[in-house]
Asker: 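I'd like to ask you about the structure that follows.
Since we're looking at a predicted model, the values are computed, not measured. Residue numbers count from 1 along this sequence. Scope of the values below: all heavy atoms of this structure, side chains included, with no hydrogens, waters or symmetry mates.
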Amino acid sequence: MTFKERLTQGMIGAAKARDTLRLGTLRMLKSGLHNREIDLKRELDEAEFLQLLSVMVKQRKDSIEQFQKGGRPDLVEKEEAELRIIEAFLPEPLSEDEIDAAIAEAIAAVGATGSRDMGKVMKALMPNLTGRADGKAVGEKVKARLSA
């Protein structure tokens, strides 16, 4: 089943169950997908869809952090629920060992020697890890590995 079919089936199920939060979140996902397709003037592939989901996950995490600072537990709860719904469409996250192995492989493939090669390593690494690992955490690990 393609990601669009999964999204549509999820919306149908949420509508039948009268789950307004899930339905609203899935509609927002579909809207973001549609807007991205309009911008690109073509259909998104699986990797681009995962990238879109990663952006939405990051937005939710940032919102949660801001709402916690602002003392808004009601909005924190709503954003956390949306985050769980969006994360259900992402593939299984990689373990720390798998991320470390991918970093070592990318460093070897690029032939990186120092921290100034970080951009090359990240460029080679992130297409494989999009949606499966947090880019910020991966960047920190790469930086630590290259500066050591």
Asker: Would you call R42 and E48 a salt bridge, taking side-chain N to carboxylate O under 4.0 Å as the test?
Answerer: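 A salt bridge links R42 with E48.
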Asker: Of all the heavy-atom pairs spanning I99 and A133, show the shortest one and how long it is.
Answerer: CD1-CB, 3.9 Å
Asker: Over 60° means perpendicular and under 30° means parallel, so tell me whether F3 and F49 are parallel, tilted or perpendicular.
Answerer: parallel
Asker: Distance check, rounded to the nearest 0.5 Å: K61 atom NZ versus I86 atom CD1?
Answerer: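 Going from NZ on K61 over to CD1 on I86, the span is 11.0 Å.
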Asker: Can you tell whether the side chains of R72 and D74 come within less than 4.0 Å, N to carboxylate O?
Answerer: yes
Asker: What's the verdict on salt bridge (charged side-chain N to carboxylate O under 4.0 Å, His left out) for E87 and R60, showing C-alpha distance, side-chain angles and the deciding distance?
Answerer: CA-CA 11 Å; E87 285 177 337; R60 295 298 164 292; over 6 Å; no
Asker: Restricting to non-hydrogen atoms, name the atom on V121 and the atom on A112 that form the minimum distance, rounded to 0.1 Å.
Answerer: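 For V121 and A112, the tightest heavy-atom pair comes out as CG2-CB, 3.5 Å.
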Asker: Check the hydrophobic clustering (I, L, V, M, F, W, Y; side-chain heavy atoms under 4.5 Å; chains of links allowed) and say if V76 and V57 are grouped together.
Answerer: yes
Asker: With a cut-off of 6.0 Å (strictly less than), are more than 12 heavy atoms of other residues, nucleotides or ligands near CD of E105?
Answerer: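 Not more than 12 within 6.0 Å, no.
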Asker: Test of understanding: clusters of I, L, V, M, F, W, Y form through side-chain heavy atoms closer than 4.5 Å, transitively. Do L129 and F89 belong to the same one?
Answerer: no
Asker: Hey, does E140 have a side-chain heavy atom less than 4.5 Å from the side chain of K136?
Answerer: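 Touching, per the 4.5 Å side-chain cut-off.
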Asker: Starting at CZ of R84, measure out to OG1 of T25 and round the result to the nearest 0.5 Å.
Answerer: 10.5 Å
Asker: Could you tell me if the side chain of V110 sits less than 4.5 Å from the side chain of K123, heavy atoms only?
Answerer: no
Asker: To the nearest 0.5 angstrom, please state how far the CE atom of M56 sits from the CD atom of Q51.
Answerer: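 M56 CE to Q51 CD: 12.0 Å, rounded to 0.5 Å.
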Asker: Are M28 and M11 linked, directly or through intermediate hydrophobic residues, by side-chain heavy-atom contacts shorter than 4.5 Å (ILVMFWY only)?
Answerer: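 Yes, because M11 and M28 connect within a single hydrophobic cluster, where side-chain heavy atoms sit under 4.5 Å apart.
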Asker: Would you say CD of E5 has more than 12 non-hydrogen atoms from neighbouring residues, nucleotides or ligands within 6.0 angstrom?
Answerer: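 More than 12 within 6.0 Å, yes.
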Asker: Checking T113 against L146 for the side-chain contact (heavy atoms from CB on, under 4.5 Å) test, could you report, in this order, the C-alpha distance in whole Å, the side-chain angles of both residues, the deciding distance, and whether it holds?
Answerer: CA-CA 7 Å; T113 55; L146 290 176; over 6 Å; no
Asker: Can you tell whether the side chains of E82 and R22 come within less than 4.0 Å, N to carboxylate O?
Answerer: no
Asker: Quick one: do E43 and K4 make a salt bridge, cutoff under 4.0 Å?
Answerer: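 Salt bridge present between E43 and K4.
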Asker: With rounding to the nearest 0.5 Å, note down the distance linking CD in Q59 to OG in S54.
Answerer: 11.0 Å
Asker: Look up atom CG in D134 and atom CG in L94, then write down how far apart they are to the nearest 0.5 Å.
Answerer: 12.0 Å
Asker: Take V138 and M122 through the side-chain contact (heavy atoms from CB on, under 4.5 Å) test and state the conclusion after the steps.
Answerer: CA-CA 8 Å; V138 171; M122 291 299 288; 4.2 Å; yes
Asker: With a 4.5 Å heavy-atom cut-off, do R6 and T2 have their side chains touching?
Answerer: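 Of all side-chain heavy-atom pairs linking T2 with R6, none is under 4.5 Å.
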Asker: Between E65 and K69, does any side-chain N to carboxylate O distance fall below 4.0 Å?
Answerer: yes
Asker: Nearest 0.5 Å please: distance from the CD1 atom of I103 over to the CD atom of E96.
Answerer: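 Nearest 0.5 Å value for the CD1-CD distance: 9.0 Å.
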Asker: With side-chain contact (heavy atoms from CB on, under 4.5 Å) as the criterion, how do L75 and Q66 come out once you've worked through the C-alpha distance, each side chain's angles and the decisive distance to 0.1 Å?
Answerer: CA-CA 10 Å; L75 294 175; Q66 292 300 316; over 6 Å; no
Asker: Indicate, with yes or no, if L40 and L33 share a hydrophobic cluster defined by side-chain heavy-atom contacts under 4.5 Å among Ile, Leu, Val, Met, Phe, Trp and Tyr.
Answerer: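 Same hydrophobic cluster.
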Asker: Is there a path of hydrophobic side-chain contacts, each under 4.5 Å between heavy atoms, that joins L44 and V55?
Answerer: no
Asker: Is atom NZ of K141 surrounded by more than 12 heavy atoms (other residues, nucleotides or ligands) closer than 6.0 Å?
Answerer: yes
Asker: Give the C-alpha distance, both sets of side-chain angles, the deciding distance and a yes or no for side-chain contact (heavy atoms from CB on, under 4.5 Å) between E79 and L83.
Answerer: CA-CA 6 Å; E79 292 290 325; L83 179 63; over 6 Å; no
